[in-house]
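The next block holds one structure in the form of structure tokens; read it before the comments.
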Amino acid sequence: MVATVVFLTSGTSFNTPADWNNSDNSVAAIGGGGSGGSAFVGTSAAKIGTGGGGGAFSSVSNLALSGAIQYQIGAGGASVTGVSAGNAGGDTWFNGASLAASSVGAKGGGAGAGTLTNSTQSGGAGGAAASGIGSTKSSGGAGGSVTSAPGNGRTCTGGGGAGGASGNGISAGNLTTAGTFSAGGAGDNGLGGAGATANTTANGGAGAEYTATAGGTAGSGGGSAGFDASTGGAPGAGGLYGGGGGGVAGSQDNGSGAGAQGIIIVTYTPGNTGGMFLTF
């Protein structure tokens with residue numbers, strides 16, 4: 001029998017289908033990606049913006065469900081302007097009132113840094129597999145770091161890719177030289193969405209490891225790139241789902257790369273063995 005695949009990208013309650021099969025199902029979660037940091041100012045010599053981390057991945061098989069199931073979709077970290085650290089991505093979970101109390105849950109990615117000092121700056125941490133709930137877990141890739149006090153200039157790193165069923169998200173490239181930029185990291189150990197090319201306004205690539213019953217694909221997204229905003233424009237957002245946003249620096253204050261929201265993927269073989277029918 002053909003499996004039913006449902007993508008949950010909004011809302012907070014899932015009604016267990018009448019044909020739910022307690023013995024043949026899986027639920028996967030991807031946390032939201034963190035946003036990059038921003039370093040905007042017209043006169044400072046040193047400007048460093050690092051990328052946000054990708055969301056983690058968790059999955060579990062053969063959940064016994066009935067009734068209305070509470071869940072949360074982790075929001076992507078919002079873009080920031082001025083001189084500011086980014087925002088962390090939200091946690092994603094299913095069947096519980098919190099990540100810790102859920103049946104399956106994945107941690108969101110950390111925020112990138114933004115500073116006008118010539119100093120070592122870390123990228124946002126990838127969502128940690130160890131903080132998730134599930135039988136299969138992987139971490140998001142970290143945003144790129146800037147190390148060894150690179151000197152004066154605009155220096156920006158990309159966001160990390162989201163974790164996936166095949167492994168950890170790939171971290172964005174680290175930098176040691178002022179005036180350089182790094183690409184975003186790919187999702188799902190390179191099998192998810194691609195990371196965006198360095199110093200471009202492109203979004204991270206969208207993942208396509210799952211296909212919904214009603215059509216369309218989804219999966220672990222790649223990170224967007226570090227970007228030089230001295231002549232306008234802004235870095236793209238992390239790729240859907242869970243990709244981290246790139247850092248930005250320059251004299252045009254157009255905002256850092258936003259992180260991508262998370263997702264829940266529910267897969268089951270219809271069997272009439274578990275759920276009860278509820279109307280919406």
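Residue numbers run from 1 in the order of the sequence given.
Ser26 has its side chain out of reach of Ser59: every pair of non-hydrogen atoms, C-beta onward, lies at least 4.5 Å apart. Contact of the Gln261 side chain with the Leu240 side chain is registered, since non-hydrogen atoms from C-beta on lie closer than 4.5 Å. Using a 4.5 Å heavy-atom cutoff, the side chains of Val248 and Ser79 are not in contact. No side-chain heavy atom of Gln252 sits under 4.5 Å from any side-chain heavy atom of Thr231. Using a 4.5 Å heavy-atom cutoff, the side chains of Ser145 and Thr157 are not in contact. With contacts defined as side-chain heavy-atom distances shorter than 4.5 Å, the pair Val266/Phe14 qualifies. Between Gln72 and Thr92, every side-chain heavy-atom pair lies at or beyond the 4.5 Å cut-off.
Thr115 and Thr117 share a side-chain donor-acceptor pair at under 3.5 Å. For the 3.5 Å distance criterion, the side chains of Asn22 and Trp20 qualify, holding a donor opposite an acceptor. Using modelled atom types, one finds a donor on one side chain and an acceptor on the other under 3.5 Å when comparing Tyr268 with Asp19.
Thr81 contributes no side-chain N or O that, together with a main-chain N or O of Gly255, makes up a donor-acceptor pair within less than 3.5 Å. A donor-acceptor pair is defined here as one N or O able to donate and one able to accept, closer than 3.5 Å; no such pair exists between the side chain of Ser102 and the backbone of Gly96. A donor-acceptor distance shorter than 3.5 angstrom exists from the side chain of Asn25 to the backbone of Asn62, with no hydrogens or angles considered. No donor-acceptor pair under 3.5 Å is formed between the side chain of Asn203 and the backbone N or O of Gly236. Side-chain atoms of Ser182 come within 3.5 Å of backbone atoms of Gly173 as a donor-acceptor pair (strictly under, hydrogens ignored). With hydrogens and angles disregarded, no donor-acceptor distance shorter than 3.5 Å links the side chain of Ser138 to the backbone of Gly163. Checked by atom type and distance alone, the side chain of Thr180 pairs as donor or acceptor with a backbone atom of Thr177 at under 3.5 Å. Between the side chain of Asp91 and the backbone N or O of Gly108 there is at least one donor-acceptor pair closer than 3.5 Å. At distances below 3.5 Å, not a single donor-acceptor pair connects side-chain atoms of Ser139 with backbone N or O atoms of Gly126. Distance alone, capped at 3.5 Å, is enough to place a donor-acceptor pair between the Ser58 side chain and the Gly105 backbone.
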**Message:** Assess the residue pair Cys156 and Val146 against the criterion (side-chain contact (heavy atoms from CB on, under 4.5 Å)); give the C-alpha distance rounded to whole Å, side-chain angles, the decisive distance to 0.1 Å, and a yes or no.
**Reply:** CA-CA 8 Å; Cys156 306; Val146 176; over 6 Å; no
**Request:** Give the C-alpha distance, both sets of side-chain angles, the deciding distance and a yes or no for side-chain contact (heavy atoms from CB on, under 4.5 Å) between Leu116 and Lys47.
**Result:** CA-CA 5 Å; Leu116 304 180; Lys47 303 179 180 73; 4.2 Å; yes
**Request:** Applying side-chain hydrogen bond (donor to acceptor under 3.5 Å, both in side chains), run through Asp188 and Ser220 and close with a yes or a no.
**Result:** CA-CA 6 Å; Asp188 197 8; Ser220 305; 4.6 Å; no
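Partner Phe94 forms a side chain to side chain contact (heavy atoms under 4.5 Å, CB included) with one of Val60, Ile133, Val27 and no other, that one being Val27. Checking each of Asn21, Asp24, Thr4 against Thr269 for a side-chain hydrogen bond (donor to acceptor under 3.5 Å, both in side chains) leaves exactly one that passes, namely Asp24. Put simply, the residue from Ile264, Ile69, Ile265 that forms a side chain to side chain contact (heavy atoms under 4.5 Å, CB included) with Leu8 is Ile264. Test Thr155, Thr147, Thr120 against Thr176 for side chain to side chain contact (heavy atoms under 4.5 Å, CB included) and you get one pass: Thr147.
Taking CG of Asn254 as the start and OG1 of Thr201 as the end, the distance is 11.0 Å to the nearest 0.5 Å. Remark: Ile30 CD1 to Ile73 CD1 distance equals 10.0 Å, nearest 0.5 Å. For the atom pair OH of Tyr241 and OH of Tyr210, the computed distance is 13.5 Å after rounding to the nearest 0.5 Å. Here the straight-line distance linking atom OG1 of Thr50 with atom CG of Asn174 works out to 10.0 Å at 0.5 Å rounding. Going from atom CD1 of Ile263 over to atom OG1 of Thr9 covers 6.0 Å, rounded to the nearest 0.5 Å. Expressed to the nearest 0.5 Å, how far CZ of Phe181 lies from CZ of Phe227 amounts to 8.5 Å.
Shown here for Ala106 and Ala56, the closest heavy-atom pair between the two residues is CB-O, 3.3 Å. When all heavy atoms of Ser131 and Leu99 are compared, the pair lying nearest together is O-CD2, 3.5 Å. Considering every non-hydrogen atom in both Gly243 and Ala162, the closest pair reads N-CB, 4.3 Å. Scanning all heavy atoms of the two residues, the minimum distance from Gly257 to Ser224 falls at CA-OG, 4.3 Å. Ala113 and Ser122 make their closest contact through CB-O, 3.8 Å (heavy atoms, listed as atom of the first residue, atom of the second, distance). Between Ser61 and Ser135 the shortest heavy-atom distance is N-OG, 4.3 Å.
Both Val104 and Leu65 belong to a single network of hydrophobic side chains, linked directly or stepwise wherever heavy atoms of I, L, V, M, F, W or Y lie under 4.5 Å apart.
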